[in-house]
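Before any comments, here is the structure.
Proteins come first, then strands; the chains are lettered A, B, ... in the order of their sequence lines, and each starts at number 1. Side chains are part of it too, since the values below use all heavy atoms of this structure and drop only hydrogens, waters and symmetry mates.
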There are 2 protein chains.
Amino acid sequence: MSLSEFDLIDRYFAHCGALRPDVELGVGDDAALLIPAAGRRLAWATDTLVAGRHFPEGADPAAVGHKALAVNLSDLAAMGAQPAWATLALTLPEAEEAWLTGFAAGLCDLATEHEVALVGGDTTGGPLTVTVGVAGFVDRPLPRGGARPGDGIWVTGELGGGGIGLEVVLGRLTPGDADGEVLRERYYRPQPRVRAGRALARRATAAVDVSDGLAADLGHILAASGAGATLELVDLPLVPAGVRAAGEEVARQAALAGGDDYELVVTLPPAVEEEAVAAVAETGGTLTRIGTIDPEPGLRGRGADGHVALLAAGGHDHFRRDP
Amino acid sequence: MSLSEFDLIDRYFAHCGALRPDVELGVGDDAALLIPAAGRRLAWATDTLVAGRHFPEGADPAAVGHKALAVNLSDLAAMGAQPAWATLALTLPEAEEAWLTGFAAGLCDLATEHEVALVGGDTTGGPLTVTVGVAGFVDRPLPRGGARPGDGIWVTGELGGGGIGLEVVLGRLTPGDADGEVLRERYYRPQPRVRAGRALARRATAAVDVSDGLAADLGHILAASGAGATLELVDLPLVPAGVRAAGEEVARQAALAGGDDYELVVTLPPAVEEEAVAAVAETGGTLTRIGTIDPEPGLRGRGADGHVALLAAGGHDHFRRDP
């Protein structure tokens, strides 16, 4: 079929996500017109998913739509922001109705869940690439550079599901049905920790989301804070389906270097640990202590035997890896 | 060479464009932190350029960087907004230093010229695609739906340079050196009419920028306003180099359906015409009357002989055209 650019936006994305009173003019004009909340800062992030790199060619379009927004909401979550508005720049080889319907459903359902309005966008022909932009409001920002020696390192939810999920999606690992489904969902439908991010915003000294693997992403906190860290490797909250499917060692490696988990890693001064755990629990989430910020630079890991070794800085590099 | 994603952003885009006091945190964290101006609305737009579709493979990277920002600033101009912040999502096959240096120079120079700060972005591997997001402040917005019968239709600058310029770039037209250079520049380095847009914001009833050709873009105003229009075809301000290179008929066709001109088309009630022309002149621009808004739907053109004919709605469709 041949839908023009204008039909596409109007037809699939004109009423996408939440209806918000702060959107004066949404999809369909040269630019969206928005009313920022008085006295609040704005957080703005953008992230791209490329077919064959961030998701396999032929992936369920609803999963692609979900993930394209989820990875961006995860960036806002890591800043302690409350998401409000999103834009979509969609490049696709052809305007296939079934694909677009599924994609829009995946993206717009997640937008509605987080009270986000899609306010504008652009569709163009070309290799399948999805760039979403998101903006939201911040009262107490959570930058990367505030970690201090003695702070505990904490992580929401479970790690390793994204990396092992990709192996399942690619057919390189074949766990039982139930575990396979859990792991595929972890890869395709990460849940951005927006509520946990807001709960932590008043308490954490630094935060980052785990998109490229714990080691690389925690590394950003360390670099920005001028500090080092020691991780308690046995304390990493590994996704149980991943441990069953691939074994504990592989699951731990996936947590450290696999990426695609979209959990939040935060640093907490000991005095606020208890209330932070309670605040995240109130949002329905969990928080696990996995290490400590050190004055000495470098990222170390302590194993089950008590030995400490330097961890490779590695992690996901978007110029190297193909799913 | 193998630069990772993080190196790329830090190295080429960390200090890109203007230094602005309303940027609390720019490139390098999970999200940018921005301080919206109190009491002003925000205009937000995003547009994608795809290699082989919006510019030829092998195009000068500085021109690609310029154009990727320019087409977005043009959207803000058509809303009467003053640009402030931009994000860049860059997908590229490999991290080539020379290409990135040129691209960044083209984008960041134009950002500086318009006092825009690049505040965030994402780089990823894949087919060359550039998505820029821009946001700015609006006092009196210029939506598309306000045109009224009797309003004059006016356009900034000159038309047809984008469409004929593409023919020159592709080697399908070989004018003399000076004209060739002018036309190539029109295609590669459109000048977004930001100052003219702000000058018109207090006066025009509707506005749109000419990205897809005058007929298609004016069509958006007509559809949103529930009106029709008659264009005086002999009054279209055609770029003289284009008329010399391709003849008047082809140049007029390029103006109507070629796209890539990034001039503003606005509708002005007769009472404000004079002051609007003067206000745009003060910004160094020109404004030419090219037609009238009619109560009857449809877009008509009056030729040199006085005959009026319906114009095809046509124009640029991003799913059909390849440069």
Side-chain angles (χ1 to χ4, degrees), chain A residues 2-6 24-25 28-36 38-39 41-48 50-54 75-76 78-79 81 85 87-89 91 94-95 119-127 129 131 133 135 138 141-144 207-209 220 224 317-320, chain B residues 2-6 24-25 28-36 38-39 41-48 50-54 75-76 78-79 81 85 87-89 91 94-95 119-127 129 131 133 135 138 141-144 207-209 220 224 317-320:
Chain A
S2 82
L3 283 169
S4 82
E5 161 174 28
F6 312 108
E24 190 175 319
L25 197 59
D29 211 301
D30 295 298
L33 275 182
L34 309 164
I35 306 167
R41 278 168 289 190
L42 203 65
W44 186 9
T46 188
D47 250 326
T48 298
V50 179
R53 192 165 296 256
H54 299 97
D75 280 328
L76 289 193
M79 194 50 92
W85 311 311
T87 58
L88 165 68
T91 301
E94 49 185 340
V119 298
D122 182 34
T123 56
T124 189
T129 312
T131 298
V138 188
L142 267 174
R144 294 174 172 179
V208 74
D209 68 321
H220 297 315
D317 183 327
H318 292 298
F319 285 95
R320 271 189 251 127
Chain B
S2 82
L3 282 169
S4 82
E5 162 174 25
F6 313 107
E24 189 175 321
L25 198 58
D29 211 301
D30 295 297
L33 275 182
L34 308 166
I35 305 167
R41 278 169 290 190
L42 203 65
W44 187 9
T46 187
D47 250 327
T48 299
V50 179
R53 194 166 293 259
H54 298 96
D75 280 328
L76 289 192
M79 194 51 90
W85 313 310
T87 58
L88 166 68
T91 301
E94 49 186 340
V119 298
D122 182 35
T123 55
T124 188
T129 311
T131 298
V138 188
L142 266 174
R144 294 174 172 179
V208 73
D209 69 320
H220 297 316
D317 183 328
H318 291 299
F319 284 95
R320 272 189 251 127

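Options A:Leu88, A:Leu33, A:Ile35 differ in how many heavy-atom pairs under 4.5 Å they form with chain B, and the most are formed by A:Leu33.
Of all heavy-atom pairs between B:Pro141 and A:Glu24, the closest is CG-OE2, 4.4 Å. When every heavy atom of B:Ala31 is checked against every heavy atom of A:Asp75, the shortest pair comes out as CB-O, 4.4 Å. In terms of heavy-atom proximity, B:Val50 sits nearest to A:Gly126 at CG1-CA, 4.3 Å. B:Asp30 approaches A:Met79 most closely through the heavy-atom pair N-CE, 4.4 Å. Contact detail for A:Thr46 and B:Gly121: the closest heavy-atom pair is CG2-CA, 3.8 Å.
Using a 4.5 Å cut-off between heavy atoms, A:Thr87 touches chain B through backbone and side chain atoms alike. With a 4.5 angstrom heavy-atom cutoff, A:Leu25 touches chain B only via side-chain atoms. Using a 4.5 Å cut-off between heavy atoms, A:Thr131 touches chain B through its side chain atoms alone. Heavy atoms closer than 4.5 Å to chain B are found in both the backbone and the side chain of A:Val208. Residue A:Ala89 touches chain B through both its backbone and its side chain, counting heavy-atom pairs closer than 4.5 Å. The contact between B:Ala78 and chain A is made by backbone and side chain atoms together, counting heavy-atom distances below 4.5 Å. Heavy atoms of B:Ala81 lying under 4.5 Å from chain A are absent altogether. Both the backbone and the side chain of A:Ala135 come within less than 4.5 Å of a heavy atom in chain B. In this structure, chain B has a heavy atom under 4.5 Å from the side chain of A:Thr129, while its backbone stays farther away.
Side chain of A:Asp122 to backbone of B:Thr48: a donor-acceptor contact under 3.5 angstrom is found.
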B:Thr91/A:Arg53 under side chain to side chain contact (heavy atoms under 4.5 Å, CB included): CA gap, chis, key distance, verdict: CA-CA 11 Å; B:Thr91 301; A:Arg53 192 165 296 256; over 6 Å; no

